[in-house]
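These values consider heavy atoms only, across backbone and side chains, with no hydrogens, waters or symmetry-generated copies. Atoms within a ligand are numbered from 1 in the order they appear, just like the ligands themselves. Just so it is clear, the structure is predicted and the values come from calculations on it, not from any experiment.
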Amino acid sequence: MGESSGEGGIHLAGVSKRFRTRQGETLALDALDLDVPEGEFLAVVGPSGCGKSTLLRLVAGLMPASSGSVQVFGRDVAGPVTELGIVFQQPVLLDWRDVLGNVLFQAGIRGLSEAAFRDRALALLRQVGLEDFADRYPHELSGGMRQRASIARALLHDPPLLLMDEPFGALDALTREQMRLDLEALWMRSRKTVLFITHSVDEAVLLADRVAVMSPRPGRIERLLQVDLPRPRGLAARRDPRFIAAVEEVTALFLARGVLHGAET
Ligand SMILES: Nc1ncnc2c1ncn2[C@@H]1O[C@H](COP(=O)(O)OP(=O)(O)OP(=O)(O)O)[C@@H](O)[C@H]1O
Ligand SMILES: [Mg+2]
């Protein structure tokens with residue numbers, strides 16, 4: 001009991017999260033176990049409300065678990081974890097700062113010199129295709145552009161852990177595909193530990209080393225799927241029989257749980 005993974009990555013053991021509201025109690029996560037080794041790209045898929053964002057917030061130390069153990073890089077999480085970058089489901093940008101200022105805010109809140117990170121911030125904006133928008137304000141951006149700005153912000157301090165909550169959810173299909181290709185390229189260069197939450201089974205399989213499938217609430221990890229597709233996966237992976245088999249396996253699980261229905265064939 002309570003054994004530590006003893007090394008890097010994310011280690012969750014018997015993690016439950018209960019919310020108390022005026023309407024009563026919600027058990028969001030129930031005795032969830034999950035290990036993400038250092039350098040792995042893990043995708044989490046699951047139905048709406050199953051506790052995915054809750055899981056991410058517990059790993060980030062933004063709120064405490066009701067019970068169980070949460071460790072990041074071998075240490076118990078007792079407050080906000082600093083060596084990470086987070087992309088939230090809704091891009092959280094400061095209205096009064098331009099795009100460059102928003103990206104640099106990551107340095108500011110860490111007590112680092114924003115001026116020292118300026119070149120890196122501009123390079124990241126170029127990477128996410130926002131080089132011409134550095135001096136625009138959030139209200140002047142499309143939803144997809146705001147989300148790309150928040151991805152650049154999450155990467156500014158080159159964190160070893162990246163937590164992404166539906167980062168491409170608000171993007172159009174084409175941008176989404178491009179962002180996926182870019183994220184894979186970036187990950188291949190840096191080998192960060194990534195916890196990537198998505199509703200898209202395709203996206204999970206295309207990006208991840210392993211896919212964790214969550215059950216409907218209370219969320220648990222129902223299945224862990226190894227994805228043995230060579231990288232870079234690019235566009236061709238969609239036609240690979242291993243891609244198709246993995247997507248079918250997850251889809252079958254959702255059908256069996258009633259998360260998907262009406263398509264039994
Ligand atoms: N701060 C909170 N207070 C009360 N209940 C909460 C809180 N945060 C989440 N919940 C509840 O916990 C459950 C899981 O929520 P969570 O946001 O983790 O789901 P999710 O899997 O991220 O869903 P989605 O895919 O729609 O984003 C839901 O029933 C939600 O109502
Ligand atoms: Mg969520």
Side-chain angles (χ1 to χ4, degrees), residues 10 12-34 36 41-70 72 77-81 84-93 143-144 146-148 150-151 153-154 161-173 176 179-180 183 194-208 210-225 247 250-251 253-261:
I10 303 169
L12 302 175
V15 170
S16 299
K17 181 66 187 180
R18 200 178 291 282
F19 291 107
R20 288 192 181 82
T21 63
R22 280 175 316 249
Q23 290 75 30
E25 273 198 354
T26 305
L27 184 59
L29 299 175
D30 184 20
L32 181 144
D33 298 321
L34 180 65
V36 188
F41 195 123
L42 182 100
V44 178
V45 285
S48 182
C50 76
K52 300 182 298 298
S53 296
T54 301
L55 171 68
L56 183 131
R57 288 189 150 79
L58 293 179
V59 170
L62 297 177
M63 59 188 188
S66 305
S67 57
S69 149
V70 181
V72 171
V77 171
V81 175
L84 53 71
I86 309 183
V87 182
F88 290 101
Q89 202 163 359
Q90 307 295 335
V92 195
L93 298 175
R146 277 195 285 266
Q147 195 60 316
R148 284 185 272 154
S150 63
I151 291 170
R153 182 184 54 193
L161 175 61
L162 201 52
L163 305 180
M164 307 183 91
D165 193 352
E166 278 283 331
F168 308 154
L171 305 181
D172 64 278
R176 188 168 183 150
M179 292 295 290
R180 171 179 71 80
L183 178 62
V194 182
L195 184 64
F196 183 95
I197 288 167
T198 177
H199 285 115
S200 163
V201 179
D202 285 26
E203 193 169 86
V205 172
L206 286 168
L207 275 168
R210 284 189 306 157
V211 177
V213 184
M214 282 180 76
S215 65
R217 196 181 63 244
R220 290 163 167 272
I221 305 299
E222 183 132 318
R223 178 133 356 141
L224 275 165
L225 226 98
V247 169
V250 178
T251 307
L253 204 61
F254 286 154
L255 279 168
R257 292 287 168 274
V259 173
L260 280 171
H261 46 83

Per-atom contacts of ligand 1 with A28, taking only distances under 4.0 Å to non-hydrogen atoms: 12 (O), 13 (C)
Can you tell if the side chain of L42 reaches within under 4.5 Å of the side chain of L224, non-hydrogen atoms only? yes
Working to the nearest 0.5 Å, report the span between CG of D165 and CG of L55. 9.5 Å
Name the closest protein heavy atom to atom 29 (O) of ligand 1, giving the residue it belongs to and the distance to 0.1 Å. R217 NH1, 2.9 Å
Any side-chain heavy atom of E203 sitting closer than 4.5 Å to one from R176? yes
Among protein heavy atoms, which sits nearest to atom 17 (O) of ligand 1, and what does the distance come to when rounded to 0.1 Å? S53 CB, 3.7 Å
Give a yes/no answer: is there an N/O/S atom of S48 under 2.8 Å from the Mg ion (ligand 2)? no
At less than 4.0 angstrom from any non-hydrogen atom of T26, what atoms of ligand 1 do you find? 29 (O)
Nearest protein heavy-atom contact for atom 26 (O) of ligand 1: which residue, which atom, what distance? S48 OG, 2.5 Å
Decide whether the shortest distance between a heavy atom of C50 and an atom of ligand 1 is less than 4.0 Å. yes
Check whether any side-chain heavy atom of Q89 sits under 4.5 Å from a side-chain heavy atom of K52, and report yes or no. no
Using modelled atom types only, decide if a donor and an acceptor are shared between the side chain of R153 and the backbone of V92 within a distance under 3.5 Å. yes
What do we get for Q89 next to ligand 1 when only non-hydrogen atoms under 4.0 Å count, side chain, backbone, both or neither? side chain
Polar side-chain atom of T198 near backbone of S200 as donor-acceptor pair, under 3.5 Å: yes
Closer than 3.5 angstrom, by distance alone: can the side chain of D30 be matched with the main-chain N or O of S16 as a donor-acceptor pair? no
Intermediate values then yes/no, side chain to side chain contact (heavy atoms under 4.5 Å, CB included), L56 and V44: CA-CA 10 Å; L56 183 131; V44 178; over 6 Å; no
Got the closest protein heavy atom to atom 1 (N) of ligand 1, with its distance? F19 CE2, 3.7 Å
Check: of G49, G46, P47, min heavy-atom distance to atom 23 (O) of ligand 1 comes from G49
Measure the shortest side-chain to side-chain distance between L195 and M164 over non-hydrogen atoms and say whether it is less than 4.5 angstrom. no
Where is the nearest protein heavy atom to atom 18 (O) of ligand 1: which residue, which atom, and how far? T54 OG1, 2.6 Å
Is a donor on one side and an acceptor on the other found under 3.5 Å between the side chain of Q147 and the backbone of F88? yes
2.8 Å cut-off met by an N, O or S atom of S53 to the Mg ion (ligand 2): yes
Within-4.5 Å side-chain heavy-atom neighbours: I10 and L34: no
Would you mind finding which of E25, K52, R20, R22 brings a heavy atom closest to atom 21 (O) of ligand 1? K52
Check contact between E166 and ligand 1, using heavy atoms of the residue and a distance below 4.0 angstrom. no
As a test of the contact definition, would atom 31 (O) of ligand 1 count as having a protein heavy-atom neighbour under 4.0 Å? no
What part of M214, side chain from CB on, backbone N/CA/C/O, both or neither, has a heavy atom under 4.0 Å from ligand 1? neither
Applying a heavy-atom cut-off of 4.0 Å, say which part of T21 lies close to ligand 1: side chain, backbone, both or neither. side chain
